[in-house]
Amino acid sequence: MKKHLRILVAKVGLDGHDRGAKLLARGLSDEGMEVIYTGLRRTPLQVVNMAVQEDVDAIMVSVHSGAHDVLVPRIMALLRERQADDKIVFVGGIIPEEDTPALKSCGVKEVCGTGTSTTDVAALIRQHLKR
Amino acid sequence: MTIEQEILAGSVKRSAELISLIEQENPEGYKTLANLLPWTGGAHVIGVTGPAGAGKSTLINALVTRFSKEGAPIGIIAVDPSSPITDGSLLGDRFRMKEADNQENVFIRSMAQRSYPGGVCKGALGAICVMEAMGKKLVILESIGAGQADSELSYLVDTVITVFTPEFGDELQLMKAGLLEIGHIVLVNKKDKPGADDAVSALTAYAASGLRGNREVPVLSVRADKGEGLDELAQAIEEAHGTSCAVDRKRQRREKYRHFATNLLREKVWGLFLEKFSESSLTPVLEEIERGGLDPYSAVEQVAGEFERIIGVGKP
């Protein structure tokens with residue numbers, strides 16, 4: 001009876017840069033995880049709906065548009081609203097360093113900027129989920 | 001409210017969690033599922049199969065968008081393969097179901113095959129039942145794009161749609177056992193591509209030559225991404241569903257579950273066998289094969305013989 005980690009890799013907002021998200025999806029599945037990719041330009045509500053339906057353990061939000069300070073808190077609020085805030089959230093993409101504290105204060109566990117290796121992301125996921 | 005009551009009231013969160021428990025083969029999950037059984041069997045369950053890239057997800061997206069606009073609550077279960085090496089999986093069907101995903105009342109669940117053979121996964125039946133208990137009237141199960149060995153799918157659904165593209169090959173491919181035998185509706189997708197008319201004629205000729213006994217198998221052509229041909233398909237689906245009464249359908253489904261249970265049992269027994277047997281008897285034999293001292297057939301006979309002796313010991 002093995003528990004497979006289920007991960008949602010999400011692109012939100014008006015942002016067409018998904019090379020990183022696809023790389024991460026591939027990398028995490030190579031780590032033995034089950035990865036669902038949302039596709040481009042989803043709304044925070046769509047992302048949260050998917051996370052609930054798929055019953056994922058973690059959500060990886062990738063943002064390259066600079067709108068992370070609006071989109072991510074919205075995702076966090078919707079997760080709480082749906083009582084799904086047991087799912088951990090990481091943010092990646094182009095995130096200025098000075099924005100990290102604000103993201104973490106709204107519940108984001110890790111902010112992994114460009115250059116983070118997928119192996120490191122996988123290790124962080126396991127660390128937070130204690131598996 | 002109990003978990004069962006929440007699911008019957010349509011809770012997406014509870015239903016999703018129960019599907020996870022069933023996937024993990026959790027005994028508590030199985031118990032909840034058993035409690036829900038009286039409320040299952042109410043949906044038309046459609047299986048969609050066909051080779052990789054035939055357009056199964058795109059077709060489901062188009063169909064579900066259409067049906068959900070008519071107000072039907074719908075569930076989709078999309079199965080994708082797991083890596084035999086890492087056990088990981090990239091579940092990429094949902095990505096092609098954007099319009100369906102946006103409909104209220106549509107619940108999509110991506111599932112990994114997790115080494116279960118036959119183009120579906122062990123938890124698929126559980127997921128179907130949970131969705132029926134939630135009140136879904138239509139449940140669509142998308143198999144792995146396997147093609148020729150998807151018989152397992154037919155044990156889980158009422159109606160099978162087999163999706164081809166114009167490049168499926170020649171008649172000889174159709175004569176091979178497998179894919180076409182389980183289909184109730186045969187589709188040629190990407191009908192704008194060259195060769196589509198020939199493909200439809202070949203499939204029609206084959207379908208007319210006694211496939212599935214004397215039951216008629218409609219052969220239709222669609223272009224799923226543009227929604228072309230969907231009226232005819234929707235009608236064929238209605239007809240496939242309408243020809244049997246609800247009581248008959250339930251009986252047929254239980255008959256199929258016998259087969260599914262047999263296959264589940266085979267998997268289970270194999271797991272138990274590995275658990276109990278590998279160290280003592282299996283490993284040395286496998287090593288002997290690797291050294292070249294034993295061929296696989298003789299090795300299996302040897303292991304089976306020993307296994308028989310072991311279970312024979314328990315007999316009075």
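Throughout, a chain's letter reflects where its sequence line sits, starting with A, and its residues are numbered from 1. Heavy-atom basis, side chains included; hydrogens, waters and symmetry copies ignored.
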Side-chain ion pair, B/E23 and A/R6, N-O less than 4.0 Å: yes
Might you confirm whether atom [atom1] of [X] has over 12 heavy atoms from other residues, nucleotides or ligands at distances under 6.0 Å?
X      : atom1 : result
B/R96  : CZ    : no
A/R82  : CZ    : yes
A/L103 : CG    : yes
A/E97  : CD    : no
A/L14  : CG    : no

At what distance, to the nearest 0.5 angstrom, does [atom1] of [X] lie from [atom2] of [Y]?
X     : Y      : atom1 : atom2 : answer
B/K98 : A/L40  : NZ    : CG    : 5.5 Å
B/F95 : A/D18  : CZ    : CG    : 7.0 Å
A/D30 : B/I85  : CG    : CD1   : 9.0 Å
A/H4  : B/S89  : NE2   : OG    : 8.5 Å
B/L90 : A/I7   : CG    : CD1   : 12.0 Å
A/N49 : B/E104 : CG    : CD    : 8.5 Å

Check: A/Q83 main-chain N/O paired with B/K13 side-chain donor or acceptor under 3.5 Å: yes
Sidechain-backbone polar pair: B/T86 side chain, A/S29 backbone, donor-acceptor under 3.5 Å: yes
Per-residue contact mode, B/R94 against chain A (heavy atom under 4.5 angstrom): side chain
Engaged part of B/S110 at the chain A interface, taking heavy atoms whose separation is under 4.5 Å: both
Top contributor to chain A contacts, counting heavy-atom pairs under 4.5 Å, from B/S15, B/G88, B/S83: B/G88
Chain B contacts, top residue of A/E34, A/Q53, A/M33 (heavy-atom pairs, under 4.5 Å): A/Q53
Chain B contacts, top residue of A/M50, A/R26, A/E31 (heavy-atom pairs, under 4.5 Å): A/M50
Engaged part of A/Q46 at the chain B interface, taking heavy atoms whose separation is under 4.5 Å: side chain
